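Letters A, B, ... are given to chains in the order of the sequence lines, protein chains preceding strands, and every chain is numbered from 1. Given the structure is predicted, the values throughout are model-derived calculations rather than measurements.
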2 protein chains.
Amino acid sequence: MADVKPIGKALFLREEELRRGIELMFFAYRDFTGEADSILAEQNMGRAHHRAIYFIGRNPGITVSDLLTILCITKQSLSRVLSGLMQDGYVTQKPGATDRRQRLLYLTGTGIAFESRLTSLQGRRFAAAYREAGVDAVDGFQRVLRGLLDSDTIDQIAQQDQTRDI
Amino acid sequence: MADVKPIGKALFLREEELRRGIELMFFAYRDFTGEADSILAEQNMGRAHHRAIYFIGRNPGITVSDLLTILCITKQSLSRVLSGLMQDGYVTQKPGATDRRQRLLYLTGTGIAFESRLTSLQGRRFAAAYREAGVDAVDGFQRVLRGLLDSDTIDQIAQQDQTRDI
DNA sequence: GGTTTTACGTCAGCCATGTTGACCAATATA
DNA sequence: TATATTGGTCAACATGGCTGACGTAAAACC
């Protein structure tokens, strides 16, 4: 029976492997974010706050519209989160030097400390996974993840890298 | 200057690599789920429905409590989603043969077709990423993702695999 | 056989985070 | 000066998490 339909068997294995990838993505993302989520909850924040803090910390002086482009949410959703973060003293803004309509976003000292706490937590998880899996695995991991991206996202990441390297 | 603090430099590269992982996870997960999200939206469903449909399809006859264990959400959250799915004819339940308190969950024909549509969409994305990245990369990808999991999740996945192989 | 535990459902209400649409102010630019 | 852009804000809504309380049927146990 097993030898009669080698093609069917191959397809079955293929689907099984694809499902394994889908499921691993789900579980890994959940566990990866879960740890940070509980720290955020202590400060009455959610993932939306985390994302804003992370990308402001990563791109100090980023404009609101650039942050919107990265996060792919509406202005209103971001605005709500940002007002909270500014009120609680994690983020400050200052008008753009050339274009004074822009409000460039920065983390405060508190914000920097908090970002660092969250990122090192997630970083430790990654470091452990990388260490277990080995260097070659890390390369493969990143290659596959990049392959999962929309082409828009790829462009966007490339652009961000350029901006940082100036 | 670059040669004076090789350790600092190494740490910088390390942090940069960890951040790259964190960001790739965020973008890849978003893009990976985004495509399915828009199909789900057409049927007035969200990701919660997708997860339920997926895991019921993957484990036909699963009990509500086992599904809760997989999803890690509250009974009430799942209940809301399941009632909707049963009302709309994607899912049916039947009492357990040995334990009649249990309500074993199954996809209907409609449910199977819908699950298949969503999974093949996500599967195609994975297949493309796997193809681009190569076989070794896929192995590395899966090893790193498994390294990101909580130990509870690892046990849980192992147990699911056993159940399916019976 | 009676008690306790388990599996599941349901009602009410809260919160975070996403959405749309409309509208306003300041400023840059053609 | 007219128009476009950047950003904020208000109202209203949906989804999907959560808690707590309570009910019911069936299984398990003493």
Legend entry - CA sep, side-chain torsions, deciding dist, call: B/Arg30, B/Asp37, salt bridge (charged side-chain N to carboxylate O under 4.0 Å, His left out): CA-CA 10 Å; B/Arg30 188 191 60 191; B/Asp37 285 350; over 6 Å; no

Inset, instruction - Answer yes or no: does atom CD of B/Glu42 have more than 12 heavy-atom neighbours from other residues, nucleotides or ligands under 6.0 Å? - result: yes

Inset, instruction - May I ask you to check whether over 12 heavy atoms, not counting those of A/Gln76, lie within 6.0 Å of atom CD? - result: yes

Inset, instruction - Please work out whether the ring planes of B/Phe141 and B/Tyr130 are parallel, tilted or perpendicular, with thresholds of 30° and 60°. - result: perpendicular

Inset, instruction - State whether the side chain of B/Thr119 and the backbone N or O of B/Glu115 hold a donor-acceptor pair below 3.5 Å, judged by distance alone. - result: yes

Inset, instruction - State whether the side chain of A/Arg143 and the backbone N or O of B/Ala137 hold a donor-acceptor pair below 3.5 Å, judged by distance alone. - result: no

Legend entry - Nucleotides bounding contact with chain B, strand DNA chain D, heavy-atom threshold 4.0 Å: D/dG16 to D/dA27

Legend entry - Base versus backbone protein contacts along nucleotides 8-21 of chain C [heavy-atom cut-off under 4.0 Å; B, S, -]: BBBB-----BBBBB

Inset, instruction - Measure the spacing between CG of B/Asp150 and CZ of A/Phe32 and express it to the nearest 0.5 Å. - result: 12.0 Å

